[in-house]
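See below for the structure under consideration.
FYI, the numbering just counts along the sequence from 1.
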Amino acid sequence: MGKFLKPGRLVVMLAGRYAGKKAILIKANEESTKDAKFPNGLVVGIQRYPRKVTKRMGLKQIRKRTTLKVFIKQLNLNHIMPTRYRLEESTLKEVRDRIERVKESELKNVEKRKELRKNLRKYLAEKYRTLPAGSLADKKAQSRFLFSKLRF
């Protein structure tokens with residue numbers, strides 16, 4: 001069977017604090033490393049989703065309702081469920097570049113992590129605000145799945 005947990009795959013978190021939240025798989029290590037004795041991956045997900053916006057709302061209220069909260073986590077690959085959706089290459093490249101600016105060892109530093117989350121939050125919020133209209137059948141509009149809250 002081929003590998004389907006490739007970077008850019010949208011996944012659903014199954015365990016822990018972020019269970020039921022959607023995330024983007026950034027890096028997947030099928031083998032264990034010295035830090036983690038299990039197959040692991042780095043994910044960037046949305047902790048708080050954007051809310052509904054209507055025509056009557058002003059710009060200030062729209063900006064406030066379309067903000068989101070982001071998390072970054074290194075976790076066991078058994079604790080995520082892949083979906084059929086993938087993030088478009090340009091978005092994945094931009095997110096990966098922002099993460100790679102911070103070294104692996106610096107990800108454990110609270111201040112660097114906080115700064116990275118803030119940076120990713122701004123980028124993903126802007127991406128959400130400029131989403132193309134259309135159904136999920138379009139490749140360009142598949143990132144819409146990431147920004148919608150999972151209902152179950």
Side-chain angles (χ1 to χ4, degrees), residues 1-53 65-132 134-152:
M1 192 162 141
K3 287 172 47 174
F4 53 89
L5 284 174
K6 294 179 182 170
R9 176 72 58 189
L10 296 181
V11 297
V12 176
M13 309 288 285
L14 296 177
R17 171 196 241 169
Y18 305 112
K21 304 294 183 188
K22 296 176 188 173
I24 308 162
L25 185 64
I26 302 298
K27 197 185 305 182
N29 299 325
E30 296 293 328
E31 287 80 36
S32 58
T33 60
K34 67 175 187 166
D35 293 338
K37 306 270 186 264
F38 45 83
N40 58 71
L42 181 69
V43 294
V44 172
I46 299 180
Q47 186 176 350
R48 186 173 48 222
Y49 294 95
R51 295 163 63 196
K52 186 178 177 183
V53 174
R65 290 180 74 93
T66 56
T67 57
L68 34 97
K69 194 172 181 183
V70 176
F71 67 87
I72 305 160
K73 193 152 180 70
Q74 183 90 21
L75 68 142
N76 191 332
L77 291 181
N78 292 334
H79 297 244
I80 58 175
M81 180 177 68
T83 64
R84 63 182 177 178
Y85 301 107
R86 286 183 59 87
L87 205 60
E88 58 191 58
E89 280 302 314
S90 60
T91 307
L92 176 64
K93 186 178 182 317
E94 184 66 34
V95 170
R96 187 182 282 156
D97 288 346
R98 289 170 190 259
I99 290 176
E100 286 176 355
R101 287 183 202 147
V102 179
K103 294 180 185 132
E104 239 358 94
S105 59
E106 290 178 346
L107 272 178
K108 292 181 179 20
N109 183 353
V110 177
E111 293 300 318
K112 293 283 186 180
R113 238 178 132 81
K114 196 172 187 178
E115 190 177 316
L116 179 61
R117 269 199 319 262
K118 188 176 181 181
N119 193 349
L120 286 170
R121 184 186 77 217
K122 284 181 183 175
Y123 175 72
L124 289 175
E126 195 53 44
K127 196 73 180 163
Y128 172 72
R129 290 183 188 116
T130 59
L131 266 179
S135 68
L136 290 174
D138 301 339
K139 286 286 185 191
K140 292 281 185 189
Q142 282 196 357
S143 57
R144 182 177 301 286
F145 175 77
L146 174 67
F147 297 111
S148 61
K149 190 173 183 180
L150 188 64
R151 305 278 182 192
F152 63 93

Please list, chain by chain and in numerical order, all residues satisfying salt bridge (Lys or Arg N to Asp or Glu O under 4.0 Å) with Lys122, sequence neighbours excluded. none

Supply the atom-to-atom distance Glu115 CD to Asn109 CG, rounded to the nearest 0.5 angstrom. 9.5 Å

Which residue is it: Ile80, Thr83, Ile24? I am looking for the one with a side chain to side chain contact (heavy atoms under 4.5 Å, CB included) to Val11. Ile80

Show the nearest heavy-atom pair for residues Tyr123 and Val95, with the distance to one decimal. CE2-CG2, 3.9 Å

Can you name the side chain to side chain donor-acceptor pair (under 3.5 Å) partners of Lys93, sequence neighbours left out? Asp97

Do the non-hydrogen side-chain atoms of Leu150 and Lys21 ever get within less than 4.5 Å of each other? no

Between Thr130 (side chain only) and Glu126 (backbone N and O only), is there a donor and an acceptor less than 3.5 Å apart? yes

For a side chain to side chain contact (heavy atoms under 4.5 Å, CB included) check, start with the C-alpha distance between Arg113 and Ile72, then their side-chain angles and the critical distance, and finish with the verdict. CA-CA 8 Å; Arg113 238 178 132 81; Ile72 305 160; 4.3 Å; yes

For Arg65, salt bridge (Lys or Arg N to Asp or Glu O under 4.0 Å) partners two or more places apart: none

What's the separation between atom CG in Leu10 and atom CG in Leu25, rounded to the nearest 0.5 Å? 9.5 Å

Contact summary for Leu116 and Ile99, nearest pair of heavy atoms: CD1-CA, 4.1 Å

May I ask you to test the Pro7-Arg96 pair for a side-chain heavy-atom distance under 4.5 Å? yes

N/O donor to acceptor pairs below 3.5 angstrom from side-chain atoms of residues 36-52, sequence neighbours left out:
unit_1 : atom_1 : unit_2 : atom_2 : d
Lys37  : NZ     : Lys34  : O      : 3.2
Asn40  : OD1    : Asn29  : ND2    : 3.0
Asn40  : OD1    : Gln74  : NE2    : 2.7
Asn40  : ND2    : Phe38  : O      : 3.1
Tyr49  : OH     : Lys22  : N      : 2.8

Go through the steps to decide whether Leu68 and Phe147 satisfy the test side chain to side chain contact (heavy atoms under 4.5 Å, CB included), and finish with yes or no. CA-CA 9 Å; Leu68 34 97; Phe147 297 111; 3.9 Å; yes

First locate atom NZ of Lys69, then atom CG of Leu124, and finally report the distance between them rounded to the nearest 0.5 Å. 15.0 Å

Is there side-chain contact between Met13 and Phe71, with at least one heavy-atom pair below 4.5 Å? yes

Take Glu94 and Arg98 through the side chain to side chain contact (heavy atoms under 4.5 Å, CB included) test and state the conclusion after the steps. CA-CA 6 Å; Glu94 184 66 34; Arg98 289 170 190 259; 3.1 Å; yes

Considering residues at least two apart in sequence or located in another chain, which fulfil the side chain to side chain donor-acceptor pair (under 3.5 Å) criterion with Asn78? none

Salt bridge (Lys or Arg N to Asp or Glu O under 4.0 Å) with Lys127: which residues, sequence neighbours excluded? Glu88

Student check: side-chain heavy atoms of Asn76 and His79 closer than 4.5 Å: yes

